[in-house]
Colleague: 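Take this structure, written in structure tokens, and hold onto it; I'll ask about it next.
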Amino acid sequence: MFRLLFRTVYTARNSSVNVNESLSLLAKCDKANCTVPALRVSNGGGLRALSTNSVRLCEKKNESVTANQDEETKTDAEADPKETKTLVTQEADEDSKVIKMAEQSEEPLVSKADDGGSTTQQHQVDVTTEQDVVTPEKVETDAAMSGKESLLSLLGAMKVDVTSKRKPKIVKVKQSEFTPMSRPPAMESTISMFQQATAEASSQSEKLDPELVAAASAAASTLPNSSQAESQLLKQLRQHEAVTEAQKKGDVTKDLGLIIADMKIGKHSNRQNARPSNQIRFDEDGQGYTHDRGITSELDSVRRNIRRNLFSGKRLNIFARKTDDGADSAVARPTLWDMDFAHQLSEVTNQMPRNGLEEMIQWTKEGKMWQYPINNEIGLEEEASVSFHEHIFLEKHLAEGFPQKGPVRHFMELVVGGLSKNPYLTVQQKKEHISWFRDYFHQKEEVLKEADVYLN
Amino acid sequence: MLIWMWIFHSGYLRDYLSVCVMLFPFSLQDTTAYPYQFQDDPYLSPRTSVEFKLFSLSQESGRSAAKYFINNYPKFFTKDFAEPHIPCLMPETVSLCLEEVSEEALKERISLRKVTAAADMYDQLLQAGTEVSLETTHDLLDLICLYGDRDPVQDGEPETEDMEESGEEPKKRKGRVRRASDIIKSTWKQNNNAERIFNLLPERDTHCYSALIRGTVLHGAYEKAFSLYTDMQNNRLSADIHIFNALIAAAPEVRDKYQEKWDVINDLLKQMSQQKVQPNLMTFNCVLKALRRCGSLGKSQALQTLSEMKALQIAPSLASYSHILAIFYKPASAGQGNTDVLQEVIAELAGTSFTCQDPDDVLFFINAMRICLDNKDLELGYQIQSLVEVGENWRLLGDSFQQSVYYGRFFNLLCLMEHIDVVFKWYRRLIPSVYYPNPQGLRDLLQALDTDNRLDLLPTIWKDICTLGHDNKSDLVEELLALMARDGHSHEVQESFAACALDIKRVYDENRGKPSLEWSNSSLSHVASLLLRANKTQHAWDVLQLFKAKNRVPHEELLGEFLSACHRDGSPQKAVELVHLSTAFCLSATPNLAKRALAEFDLTEEQSYATWNDRGKHSSRISSE
């Protein structure tokens, strides 16, 4: 189950295309092998183990997700199958650790599966899920087949069906599950824990079902030194049985605690992955790898913690903190230097507008454009303080210097009427207009009096 | 656009400008379009950086010409149609109106920045015995010192006048708008008008000294500036902030040793403190800029200066950080692999929008990107780019040249470090809307393609190369051909490669007259082998004839490929011709070729005789030599 979970997570990471597929696989497997959920329900301890492990798995998942995030952001969250190819190599060591953990987490689960002979099935589920990822098209048939047959067929098919991409990993898994002796010594260090875990798991089968023995021998026969492998397998199956017997007697929780305590979670430091330094830095100018990432990255993270802050150093201690006396209260008028400095700044930042809106902003600032919202009184700011009645009721300006009645008065009333309707003149201009007539009629007063039209 | 107009008119948002500024992050930039400034004119569609420069300059010179005409012939532009009045559309007064000798006339000359005319007017006023007010004298000194006693080139003036006047100035500024940076290069003449007027003054106050010291520093007379400062101290005058800023900027010029330089700066700062002059941003920027030239001393002192700024609550501008980066990352010592300081600076700045406070602010991004490129730190590069995209920060990228350098570095970094798909995403985003790559940038792209094994994209890159006008760069084209010809590919890819090769051949043929693109041995063989691989045998034969025409000698492998192609086509005649050709080139492979031809083809007697003959000819020629 955990393997399946992990695999789904892994495949989900691998490509978005695979996500749906593997999710549906998950659902399918749950349906087909209902023993797995049953296991989960049947045993409290197992449930606990399951939950703790799932938490850890989630942790792990989160972590790997965060680790991937910087990669993701680079690609702008485009789930790109090509991209992950490069990721695979990066995460190779992470993978191995996760596999380790997955195997460990399997151990308590399997050890709790003490209710009868479901272990074989459990085992089979395990293998099936393993295979699911590799060859998804096989799933339906596998689920349909009976357990042991499918195990045999699967083991036979395993070698053939694996895709070239996954081949090394699957083969590795298979070898370590069934033939501990025949694997190369180099692998021992990386997957020893994993192997131990599976060994315990496999020895758990209680009665050593003859069909299981047959399956083991069949599996062993696919490997080089078959007889040795077979005996090894059977030995482990028996060990498994013994452990299960012991656990049946009640030291379940203690054992579980031990197991959990023994578990090591290969935790990556986030920092290590968050930086691009993990990428190969190839230097053009022949310096090759500028950093030895393996060791220095850890040193880096240490140094980063104690790094000096830009502002935390000691200061020059020349100036005192400015007191807010407002010493600069007398603002001098801008000198030519100030104007030149401002000009330099504007020159430096003077970029061509990038689009129509920016151009309109610029025009508006230059005063070439109407300000929105449209205001038809724009540019008439000095008139804003003048009330309308001063424009319209101009008769009061006739009170002085003009005759009270007669043709001149009549004429001037007409002038005032016309002026009051003229929107294009300011009040001042209107007053000037009237006072021009006042002067004019004063000058012509003699003539008008002679004509007897100037009545006062 | 209609939606925005509706928003403006509906009255929900009152202030137009604030709305525009608010919207403008979302007002998308069309990355497939030409820069907006050229969109009005279909003739101005730049495809290369040269064209971009040419078109911007032509546009700008058109504007200047119009402005010149308007300002110099205001009588034709008396009608003011605009209501309300738009000042910037009306002619400015550029000529002198007041002719009489008066202080008003002097003020007019100062405001119009007529340096020599103003100095003359001042002399006339003194001769007439008129007292000039202190304020006007200050303005006059400012003017003369700023322009170094030389008339500035004004927008409305033809360039030739200036050339006559100042023949000693280097004539290197061609068609470039004159800036303050040009003035800096000019020199301060001994006893020029500024000094003369300064010496004539009955009493000199701080402002006079300030003008003179700033002028001398601006025009490179650093020693003079310091002697003026000493003079001022002897007269028991206190200096102002501008004097100190100018002197700090000049400090590295007057001392040779790092420690001495720093001592001078430190002294100046202490005197500032004593005279109760509050430093400003420019003071510290000057200090940091000076520290760039203080070698190893710079690193420690720069951090202390920065702390001092923080203690005084003066926010550093981009220029301060730019200087800090320059202090910590010398261009020569690339590959030190430690980007701590840059990371901290970026962490400090992330997400802030800047306004320009110092003319050097525009150098920050270009410097920071250089450090990223030197250290191959892609992550930081992305952070810098995102900082550029914040608010109006893009305005601080500098002029078009600096922008192209910035984007060139960013693109180079991407090509080096990033996966090819992401590179292409940026490629489409940057080109050609903001960046016209140079041949080096395109070569980086080719290498990135090679690294990620996406050589099948080469034909599209070739199209882009043509569009960008780099199809006449022979080394670039040859690199492209070499990449295409290096490995065998699937059938479709080979077909597209062959089409591309034919296109390249066409470009070569078109360019025949020009010396820039000349068929080389390798390019000919690459084209020929590409054509052969796509079964375009006839075209390949044409190329083979070109070898002779261009006096190039084909490789033996190429002839072998030709022979195989002949075999595939079943044309023994061609094979014989090939052997003939090989003989004509005096290739050492001729005997082998002839042997192969005899063995693989059913030749007629005549043909086989000719082939034998060729073989013999070759051997006899060898023996005679």
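A note on names: the letters A, B, ... follow the listed sequences, proteins ahead of strands, and every chain is numbered from 1. Quick caveat: nothing in here was measured; it's all calculated off a predicted structure.
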Colleague: Which atoms of B/Leu306 come close to chain A, meaning under 4.5 Å heavy atom to heavy atom: side chain ones, backbone ones, both, or neither?
Modeller: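 Both parts, backbone and side chain.
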Colleague: Check A/Phe319 against B/Val277 and note the closest heavy-atom contact, atom names and distance.
Modeller: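 Closest approach of A/Phe319 to B/Val277, heavy atoms only: CE2-O, 4.0 Å.
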Colleague: For B/Pro359 versus A/Val348, what's the shortest heavy-atom pair and its separation?
Modeller: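 In terms of heavy atoms, the two residues are closest at O-CG2, 4.0 Å.
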Colleague: With a 4.5 angstrom heavy-atom cut-off, could you sort out which part of B/Phe38 is near chain A: side chain, backbone, both or neither?
Modeller: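 Interface part for B/Phe38: neither.
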Colleague: Is it the backbone or the side chain of B/Phe354 that comes under 4.5 Å from a heavy atom of chain A, or both, or neither?
Modeller: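 No part of it gets close to chain A.
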Colleague: Looking only at non-hydrogen atoms, find the nearest pair between A/Trp337 and B/Ala211 and report the distance.
Modeller: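 Closest heavy-atom pair between A/Trp337 and B/Ala211: CZ2-O, 3.6 Å.
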Colleague: Distance check, rounded to the nearest 0.5 Å: A/Met339 atom CE versus B/Asp142 atom CG?
Modeller: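 If I round to the nearest 0.5 Å, the distance is 10.5 Å.
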Colleague: Is it the backbone or the side chain of B/Cys88 that comes under 4.5 Å from a heavy atom of chain A, or both, or neither?
Modeller: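 Answer is side chain: those atoms of B/Cys88 sit under 4.5 Å from chain A.
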Colleague: Below 4.5 Å from any heavy atom of chain A, which atoms of B/Pro87 appear? Answer side chain, backbone, both or neither.
Modeller: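 Neither the backbone nor the side chain of B/Pro87 comes within 4.5 Å of chain A.
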Colleague: As an exercise, state the distance from CG of A/Leu336 to CG of B/Leu141, rounded to the nearest 0.5 Å.
Modeller: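 Spacing of CG (A/Leu336) from CG (B/Leu141) equals 11.5 Å.
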Colleague: For the atom pair NE2 (B/His207) and OG1 (A/Thr335), what is the distance rounded to the nearest 0.5 Å?
Modeller: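 Separation between the atoms: 6.0 Å.
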Colleague: Check A/Phe341 against B/Gln357 and note the closest heavy-atom contact, atom names and distance.
Modeller: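 Where A/Phe341 meets B/Gln357 most closely, the heavy atoms are CZ-O, 3.5 Å.
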Colleague: Give, as side chain, backbone, both or neither, the part of B/Asp361 having an atom under 4.5 angstrom from any heavy atom of chain A.
Modeller: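 Looking at B/Asp361, nothing touches chain A.
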Colleague: Select one option (side chain, backbone, both, neither) describing which atoms of B/His85 are under 4.5 Å from chain A's heavy atoms.
Modeller: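 Looking at B/His85, nothing touches chain A.
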Colleague: Can you check whether A/Ile318's main-chain N or O pairs, donor with acceptor, with B/Ser273's side chain at less than 3.5 Å?
Modeller: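 Yes; at least one donor-acceptor contact below 3.5 Å.
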Colleague: Roughly how far, to the nearest 0.5 Å, is the CE atom of A/Met369 from the CD1 atom of B/Ile86?
Modeller: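 With rounding to 0.5 Å, CD1 (B/Ile86) is 10.5 Å from CE (A/Met369).
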Colleague: Quick check for you: to the nearest 0.5 Å, what is the distance between B/Arg113 atom CZ and A/Asp340 atom CG?
Modeller: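 Answer rounded to 0.5 Å: 6.5 Å.
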Colleague: Between B/Met309 and chain A, which part of the residue has a heavy atom less than 4.5 Å away: side chain, backbone, both or neither?
Modeller: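 B/Met309 has no heavy atom closer than 4.5 Å to chain A.
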Colleague: Mind listing the closest non-hydrogen atom pair of B/His242 and A/Asp338 along with its distance?
Modeller: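 So the minimum-distance heavy-atom pair works out to CE1-OD1, 4.4 Å.
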Colleague: Select, from B/Gln301, B/Met272, B/Glu135, the one with the greatest count of heavy-atom pairs under 4.5 Å involving chain A.
Modeller: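 Most heavy-atom pairs under 4.5 Å with chain A: B/Glu135.
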Colleague: How long is the span from the CD atom in B/Gln39 to the CG atom in A/Asn355, to the nearest 0.5 Å?
Modeller: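 One gets 9.0 Å once the value is rounded to the nearest 0.5 Å.
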Colleague: Quick one: does B/Glu392's side chain get under 4.5 Å of A/Glu358's, heavy atoms only?
Modeller: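 Sidechains of A/Glu358 and B/Glu392: no contact.
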Colleague: Using every non-hydrogen atom in the two residues, find where A/Arg354 and B/Tyr36 come nearest and quote the distance to one decimal.
Modeller: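 It is O-CB, 3.1 Å.
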